[in-house]
Amino acid sequence: MACSRPANTFKTLGGGVPVHYDREPPLFPLGSKGKPASFAVESSFENQLDATMTELWKKCPLGKADIILSAGAFVCKSGQHGQGLAFDLDGIWWGSRLVLAKQYHSDSRAYLGIEAILRKHVGTVLNFEYNAAHQDHWHLDPGTSPGFDSGSRSRVLYLQMALRKLFAQPVKVDGLFSDETRKGVHAVFAALGLATAAEMDTDSKVDKALAKHWMAFLDAAATEGLAALAPTALARAVAPTPLQLLATLHDTLEDELPEHPARKTIERAIENFADHPDIAAVLASSA
Ligand SMILES: [Zn+2]
């Protein structure tokens, strides 16, 4: 295939944080510290990635990271990677704390907090829920501009994931901009003070408010999600309470078996277990 590697390369992003390649098992497998590498992208896109990471360090309670993990940038193939206009982000190390895209289910708050910042700077972001190919990295490319579009499946998916996991709205994560999604937006925008009641008194006004205040929503999602990386949250994460473990169990069922016929039966069995007086007492004491 005819393709030409961009002359521009980088080894660090966000003010000198090294970017390592972590797709070379057995020594440098996914989720290891990887190995230093040089990544080729067009310089305009490098600048976007640089600004993304710089803002992430500013918003993250852990500050500047130590290592950015990547699955690659320029690849001689069709599409954005073949033009030097794409970057695959596997994860980020802050000291001994790793946020790995692949661990979305167990680390969803930090994951969604990072993605909020990615979305402020880079238009096209494909994530865990987008398809099976993107369950172990974020794909970033400047093929579209940042901003909300209710017809963009990847943007609606992120909105639904954030509404659900960061703001406790009972929204189905299916990529379709539904009335339920709009209701979640209304509730969260009102609670965060992102839009007034008058700005959201019809469906089309809610949609307009969402487009208008999308960046402010991403800021709020970043704050909410990245709080999972605050030192106190880290201490809590070491010893989750029984009640938190039960909530994680319910979330995992919901994520992994959304339409599975056995889901209800499993949920009933868990409820019966949780309702046992001895267990109920333990859960109540940890609430
Ligand atoms: Zn990619």
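Both counts, for ligands and for their atoms, begin at 1 and track the order of listing. Basis for what follows: all heavy atoms, side chains included, without hydrogens, waters or symmetry-related copies. Position 1 is the first residue of the sequence, and the numbers go up from there.
- As for His139, its N/O/S atom nearest the Zn ion (ligand 1) is the one called ND1.
- Ionic pairing of Arg23 and Asp90 is present here: one or more N-O contacts between side-chain nitrogen and carboxylate oxygen are shorter than 4.0 angstrom.
- With a cut-off of 2.8 Å, the Zn ion (ligand 1) has an N, O or S atom of His81 in range.
- Between Glu199 and Lys208 no salt bridge is recorded (no basic side-chain N to carboxylate O distance below 4.0 Å).
- Nearest N/O/S atom of Asp88 relative to the Zn ion (ligand 1): this is OD1.
- In this structure, Trp138 has its ring center no closer than 6.0 Å to that of Phe87.
- Of the candidates Asn127, Leu89, Leu218, Asn127 is the only one forming a side-chain contact (heavy atoms from CB on, under 4.5 Å) with Glu115.
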